[in-house]
Amino acid sequence: ALDFSTAANKAVFYSGPGNRARALGFAERTGATPIDLTPGGRYLSSLNLYGTLPGAQADAIWARASRAYTARASGQIHLFIRGARPDRLFNTMERPLIEANPNIYKLTFHY
């Protein structure tokens, strides 16, 4: 029931060392909306899931949120993924969903 939507051309994905800070800085400069800045993302962040749950449980909650966010992404999206681990959420779930989303027409990588 949480809202993980973002406007067309405003989705920002990140994974890997230092990329969250880079993505949030980009969002601040451009008005883009990474998952953290959606209403649902703000709510989940306020729960401090990684501080209160085992990592696998926190990962599962964020994975479900990310699935909803990725499904709603459209237009041009921005990716900060340098150094992303192959076994983490971006490469195992988000990337395939991005590639299958017909509403996404352009990927811009920021390295």
Side-chain angles (χ1 to χ4, degrees):
L2 296 176
D3 178 10
F4 297 101
S5 60
T6 183
N9 305 311
K10 297 293 183 180
V12 178
F13 293 83
Y14 61 85
S15 183
N19 286 328
R20 180 177 187 270
R22 293 179 65 228
L24 292 176
F26 174 81
E28 186 175 312
R29 290 187 310 276
T30 65
T33 311
I35 193 171
D36 314 59
L37 301 182
T38 65
R42 288 182 191 275
Y43 175 73
L44 290 182
S45 292
S46 77
L47 298 178
N48 186 28
L49 297 174
Y50 288 99
T52 58
L53 296 173
Q57 286 181 328
D59 282 349
I61 292 167
W62 275 106
R64 187 169 180 187
S66 185
R67 203 172 294 118
Y69 178 78
T70 305
R72 290 174 177 89
S74 64
Q76 177 182 7
I77 65 169
H78 298 271
L79 301 107
F80 294 81
I81 58 167
R82 183 176 188 166
R85 289 179 27 190
D87 62 332
R88 296 296 293 161
L89 186 64
F90 179 78
N91 282 307
T92 61
M93 195 210 38
E94 290 174 337
R95 182 184 297 266
L97 291 174
I98 288 168
E99 291 169 354
N101 184 334
N103 297 315
I104 296 173
Y105 64 80
K106 184 175 182 184
L107 284 65
T108 300
F109 295 87
H110 299 267
Y111 291 109

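Every value quoted in this text rests on a predicted model; they were computed, and no experiment measured them. Counting begins at 1 with the first residue of the sequence.
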Checklist outcome for this item: Sorted by chain and residue number, the salt bridge (charged side-chain N to carboxylate O under 4.0 Å, His left out) partners of R67 (sequence neighbours excluded) come out as none

Next on the checklist: Using modelled atom types and a 3.5 Å cut-off, is there a donor and acceptor pairing between side-chain atoms of S46 and backbone atoms of Y43?
Outcome noted: yes

Checklist entry - Quick one: do Y105 and L107 end up in the same hydrophobic cluster if we chain Ile, Leu, Val, Met, Phe, Trp and Tyr together by side-chain heavy atoms under 4.5 Å apart? => result no

Checklist entry - Should F90 and I98 count as side-chain neighbours, where that means a heavy-atom distance under 4.5 Å? => result yes

Checklist entry - Between N91 (side chain) and D87 (backbone), is there a donor-acceptor pair under 3.5 Å? => result no

Item to check | V12 and L24, any side-chain heavy atoms less than 4.5 Å apart | outcome: no

Checklist entry - With a cut-off of 6.0 Å (strictly less than), are more than 12 heavy atoms of other residues, nucleotides or ligands near CD of E28? => result no

Item to check | Considering all heavy atoms, the nearest F4-G40 contact | outcome: CE2-C, 3.2 Å

Checklist entry - Which distance, rounded to the nearest 0.5 Å, do you find between the NZ of K10 and the CD1 of I77? => result 14.5 Å

Checklist entry - Rounded to the nearest 0.5 Å, how far apart are CD1 of I81 and CZ of R22? => result 11.0 Å

Item to check | Derivation and outcome, side-chain contact (heavy atoms from CB on, under 4.5 Å), residues L47 and T52 | outcome: CA-CA 8 Å; L47 298 178; T52 58; 5.9 Å; no

Checklist entry - Is there a donor in the side chain of D36 and an acceptor in the side chain of Y14, or the other way round, less than 3.5 Å apart? => result yes

Item to check | side-chain contact (heavy atoms from CB on, under 4.5 Å) between Y69 and F13, intermediate numbers included | outcome: CA-CA 10 Å; Y69 178 78; F13 293 83; 3.7 Å; yes

Checklist entry - Under 3.5 Å, side chain of T30 to main-chain N/O of F26, donor-acceptor pair present? => result yes

Checklist entry - Is there a side-chain contact between T38 and S5, using heavy atoms and a 4.5 Å cut-off? => result no

Checklist entry - Roughly how far, to the nearest 0.5 Å, is the CH2 atom of W62 from the CG atom of L44? => result 4.5 Å

Item to check | Approximate separation, where rounding is to 0.5 Å, of L79 CG and Y111 OH | outcome: 7.5 Å

Checklist entry - What distance do S15 atom OG and R20 atom CZ have between them, rounded to the nearest 0.5 Å? => result 12.5 Å

Checklist outcome for this item: Scanning both residues in full, the closest heavy-atom pair of A11 with A73 reads CB-CB, 3.8 Å

Item to check | Pairwise side-chain hydrogen bond (donor to acceptor under 3.5 Å, both in side chains) hits with a residue in residues 70-83, at least two apart | outcome: Q76-T108, H78-H110

Item to check | Y50 atom OH: more than 12 heavy-atom contacts under 6.0 Å | outcome: yes

Checklist outcome for this item: Separation between CG (L37) and OG (S45), nearest 0.5 Å, reads 8.5 Å

Next on the checklist: If you compare all heavy atoms of M93 against all heavy atoms of P96, which two are closest, and at what distance to 0.1 Å?
Outcome noted: O-CD, 3.2 Å

Checklist entry - Quick one: are L89 and S66 in side-chain contact, heavy atoms under 4.5 Å? => result yes

Next on the checklist: Tell me whether R88 contacts the main-chain N or O of A84 through its side chain, where contact means a donor paired with an acceptor under 3.5 Å.
Outcome noted: no

Next on the checklist: Hydrophobic clustering (ILVMFWY, side-chain heavy atoms < 4.5 Å, transitive) - are L2 and L53 grouped together?
Outcome noted: yes

